[in-house]
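First up is the structure itself, then whatever we jot down about it.
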Amino acid sequence: MKSPFACEARRGYVRFPPLFSSFLLFDTVMSAGIVQEQVASAITDALLQAQERGFLQSTHFPQPIVDFPKREEWGDLSSSVAMVIAKQEKRPPLEVAQMIADQLRTSCTFLEKISVAPPGFLNFSLQQDCWFPVLEEIERTGDLYGHSKIGQGQRVLLEFVSANPTGPLHMGHGRGAALGEALARLLRSAGYEVDKEYYINDAGRQMKLLADSVYARYLEMHGREYSFPEDGYHGDYIKALAQAMDRVKGMDLLALNPEDARRECGHWASRELVRAIQEDLAQFGVEFETWYSEASLFASGSIQAALNDLEQRDLVFTQDDATWFRSSRFQDEKDRVVCKQDGDYTYLASDIAYHFDKLRRGYGWLINIWGADHHGYVPRMQAVIKAFGYGDDCLRVVLVQMVRLLRGGNKVEMSKRAGEFITLQDVVDEVGADAAKFFFLMRRSDTHLEFDLELAKKQSNENPVYYVQYAHARLASLFRTAHERGIRVSPVGEAPLSALVQPEEIRLMKQLSGFPGLLEASAMALEPHRITFYLLELAGLLHVFYYKHRVLPPRVDDVKEEEADGPDHDGDASELVRDVLSRELTMARLVLLQQVQTVIKNGLGLLGVSAPERM
RNA sequence: GCGCCUGUAGCUCAGUGGAUAGAGCACUGGCCUCCGGAGCCAGGUGCCGCAGGUUCAAAUCCUGCCAGGCGCGCCA
C-alpha cells in the first residue's frame, strides 16, 4: 500500500520540520488526527514559503485550524487560516486564500483539489489514500487510539458526588457520578494523572439530624418516649437503620445516656450509609481512589492549622465574637464566617482545610463537580485557592443541573419530605447502568436533563444507547461469521485498502480520523457529552454503510440459488448488493470495520459504558 | 434588589467567532431469500427570546431588556 504519509503515521504524531517548530509550538494545543495535522503542516509550509518569496509580510503565523467543512461538497477538509491572517496582512481574505492555494498547488502533492470559497475559506479534497494511515494508526494504538499527552502527567484531583451520608443517592448524584467517572477517564486519556475522590460530609448539622432521627426511631421501636427532630429524615431507610442497629446492639443503647446513645446512632448510621453509597456506586460502575472524611479534618486539627496559616497573613480576623475569612480580598462579594459565635466551625472552615490539604498533596489542578444550586459558593472557594497563593485556574468547578425524571413522557413526582423519591439504585435496577450513564452524558452538564425511564429501557432505535451498542455488537457478529467461514482479517498493512472507494467508506474513515481531536477538545472543555454525540454519528455512518454494502461474500448455497433464479430477477433490490464483491473488497472492508469497532469501543469505554459482543 | 445558569424546529437537544444553523424523537410513506431489520431510505419545518454594539465574519463576544430556573445564612 502506498500512501503519502504512511511513514509519518507509523511514527505516531506527525512532526513538524525542526526549522519551523520553534514558533509553532507556542499557544498551540495540537489537536486532531494525523490527517488534519498533515494538512495543517502543509499549510504552514506554504505560508513560510510564500513569505520567503515575498508574498506575505507577516513574520508570525497562527497554527492553521483545519476542520471538516459543514458540507461534503465543499471538500474533505477546510481551513480558515486565510481569514485569520488577512488582517495582519492588510489584504482581503479571498486574495490571501488564493495566494495560499497557489502556493499549496505547487508544493503539496497529496491535496487532490484546492479551492477557495468566499469569504476566504480554503477547501481541500484529499486523495482517498490519505485516510488509510488513520486505519494503521488505530490498529497500531488500539485501545489507546485518540489518547494524547497534553496533560503532561499533571496530577488532577477530581472530587465528585460527595453526597452527605444521610440517605441513598438520587438521580442528581447519579448524573454527577457518571460525569465524574467519564471526566476521569477522558482526562487520563489526555495524559493527566487523575485521582477520584469522594468527600464524606460526616460532620456538622446534617449528621446530627441523622443521629437524632435514627435514635428517635430506635426509641420508638422499643416503645419508649421519643421526639422526632424537626427537619429530621423521614425515609423508611431510617427505620431500617434503627432495626439493623437493634439487631446488633439490642437494648444496650437504652442503658446509655441519651447523648452517648445519639452519638452511637450517628456513627453507626453514617458508616452504614457510606457503605450503601459505596455499593450503589460500585454497581453503577463508579469507583473512587479515596474516600475523604470531613470528620477527620476536625480530629487531626487540620482545620485550626489551615486557619492559623491564613491568620498569619491577616486573611482571618475576629469580629462580633466570630472568626472571618477575608474572601473579599479575592473577588468574593463579602467576607465569610469560618467560626461561629457559638464556637462551631462553619462548613467553609472544613472546605478551607480540605482544599488546603488537596493542594498540599501535590495536585496541580483541582476539579469539583457540584450541583448547580451551589453555584453561589464558587467565588468563595476560588478565594480560598487564591488565599493559599494559587491561581484561580487551579480550581475548576463543574456545575451539574437537575435531572427531571419522566416515565413515558410523564413527569415522575417526587417528594423528599414524604420520603417518596426514586433513588439512583432504582434507576440502575430498572434500566441498567449502561443506559443510565449514557443518558446522563447525553447533555451538557449545565443544562437540565430529561431522563425518560421508558425510553432508556426500550430496545429499539429510539434508544440512543442501543443504537451505539448495537453497532458494536453487529460488528462483533460480523467478525464471528467471518471467522466461522474461515475468512481472516488481515493486518492493515497487508490489506488492499485501495478497494475502499465508496462514499460511505470514506465517510467512516474521516469520522475515525476526527476521534483524537474530539478527545482533546472534550477533555479541555471538561465536556464528555461530545463523545456521545460523536458515537451516535459514527454508529449512524456504520449502519448506513452496512445497509448499503455487503462485506462477506454470499454463501455458496445463496449463489447457487441466485444463479438458478436467472440473471433478470434483480430489480430494485440490486442496488444494495451491486458491488462486485471481490476478495480484495471483503478484506479491505473487514479491516476498515475492525477499526470502526475499536473506536466505538474506545468511545464507549471513556463514557464508562460497555461495548457488548452480543445483545 | 443583586448574582449565576438557561432561552435554537411541535418536543428533547447539538452547535459557543466562520460558509446555506443541524441531529434525534414525533408525523407520513417505503425497504428484510442476503454478513444481526435493535437497521436503512424518502418527505419540512426556524424573526437562533428581543434590541443595540464589536468584527471582514455573531446563534456564538459586549451592553441593555424580557421569560424560566437557581442562588444571595454565623445552614450543608
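Proteins come first, then strands; the chains are lettered A, B, ... in the order of their sequence lines, and each starts at number 1. Being a predicted model, the structure only gives us computed values, none of them experimental.
Going from atom CD of A/E73 over to atom P of B/U20 covers 12 Å, rounded to whole Å. One atom, OH of A/Y547, and another, C1' of B/G37, lie 9 Å apart when rounded to the nearest Å. One interatomic measurement links the two molecules: OH of A/Y534 to C1' of B/G22, which rounds to 18 Å at whole-angstrom precision. Straight-line distance from the CG atom of A/L455 to the C1' atom of B/G24: 10 Å, rounded to whole Å. In this structure, the CZ atom of A/F439 is 11 Å from the C1' atom of B/C25, given to the nearest Å. Rounded to whole angstrom, the span from the NZ atom of A/K208 across to the P atom of B/A76 amounts to 12 Å.
A distance-only check finds a donor-acceptor pair linking the side chain of A/S293 to the backbone of A/S296 [under 3.5 Å].
Of the listed nucleotides (B/C74, B/C5, B/A76), B/C5 has the atom at the smallest distance from the side chain of A/Q401. Distances from the side chain of A/H374 to the nucleotides B/A19, B/A76, B/U55 place B/A76 closest. With B/C35, B/C75, B/G37 as the choices, the nucleotide that has an atom nearest any side-chain atom of A/R205 turns out to be B/C75. Here the side chain of A/P119 is nearest to one of B/A19, B/C5, B/C74, namely B/A19. Distances from the side chain of A/V337 to the nucleotides B/A19, B/A76, B/C74 place B/C74 closest.
Just one of A/K510, A/R589, A/K548 meets the salt bridge (Lys or Arg N to Asp or Glu O under 4.0 Å) condition when paired with A/E504; it is A/K548.
A syn orientation is assigned to B/C32, its glycosidic angle lying within 90° of 0.
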For nucleotides 10-16 of chain B, 5' to 3', base contacts (B), sugar-phosphate-only contacts (S) and non-contacts (-) with protein non-hydrogen atoms under 4.0 Å give --BSSSB
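A side-chain donor-acceptor contact under 3.5 Å links A/Q304 and A/Y345. For the 3.5 Å distance criterion, the side chains of A/T447 and A/Q401 fail to qualify, holding no donor opposite an acceptor. Side-chain atoms of A/Y354 and A/E197 include a donor-acceptor pair closer than 3.5 Å. Side-chain polar atoms of A/Y377 and A/Q382 form no donor-acceptor pair below 3.5 angstrom. At a cut-off of 3.5 Å, with distance as the only test, no side-chain donor of A/N201 or A/Y347 sits close to an acceptor on the other residue. Of the N and O atoms on the side chains of A/N368 and A/H355, at least one donor lies less than 3.5 Å from an acceptor on the other residue. A side-chain donor-acceptor contact under 3.5 Å links A/D434 and A/S610.
Here the separation of B/A76 from B/G15, taken at their P atoms, is 36 Å to the nearest Å. Comparing the P positions of B/A67 and B/G49 gives an interatomic distance of 16 Å, to the nearest angstrom. A gap of 14 Å separates the P atoms of B/A21 and B/U60, to the nearest Å. B/C41 and B/C25 have their P atoms separated by 11 Å, given to the nearest Å. When the C1' atom is compared between B/U8 and B/A23, the two are found 12 Å apart, to the nearest whole Å. The separation of B/A19 from B/A59, taken at their P atoms, amounts to 9 Å, rounded to a whole angstrom. As rounded to the nearest Å, B/A9 and B/C47 have C1' atoms that lie 14 Å from one another. As rounded to the nearest Å, B/C13 and B/C74 have P atoms that lie 35 Å from one another.
In this structure, CG in A/L519 is found 11.0 Å from CZ in A/R530, a value given to the nearest 0.5 Å.
Residue A/H375 is in base contact, counting any heavy-atom pair closer than 4.0 Å across all strands shown. Using a 4.0 Å heavy-atom criterion, one finds that A/A476 contacts no nucleic acid atom at all. Among the atoms of the strands shown, only primed sugar atoms or phosphate atoms (P, OP1, OP2) are found under 4.0 Å from some heavy atom of A/Y467. In this structure, A/D320 reaches the bases: a heavy-atom distance under 4.0 Å links it to at least one base atom across the strands shown. Residue A/A86 is classed as having no contact, given no heavy-atom separation below 4.0 Å to the nucleic acid. When heavy atoms are screened at a 4.0 angstrom cut-off, A/D342 is found touching no nucleic acid atom at all. A/P379 comes within 4.0 angstrom of nothing in the nucleic acid, heavy atoms only. Backbone-only contact: A/V544 has heavy atoms under 4.0 Å from sugar-phosphate atoms and none from a base.
The phosphate of B/G22 has OP1 or OP2 within less than 4.0 Å of a side-chain N or O from A/R71. The phosphate of B/C75 (OP1 or OP2) has a side-chain N or O of A/K340 nearer than 4.0 angstrom. An OP1 or OP2 oxygen of B/A76 is reached within less than 4.0 angstrom by no side-chain nitrogen or oxygen of A/Y345.
Comparing A/A482 and A/D373 by the nucleotide of RNA chain B that holds the closest heavy atom to each, the one mapping nearer the 5' end is A/A482. In terms of position along RNA chain B, the nucleotide closest to A/P118 lies nearer the 5' end than the nucleotide closest to the other residue of the pair A/R614 and A/P118.
At a cut-off of 3.5 angstrom, the base of B/A19 holds at least one donor-acceptor pair with the side chain of A/S78.
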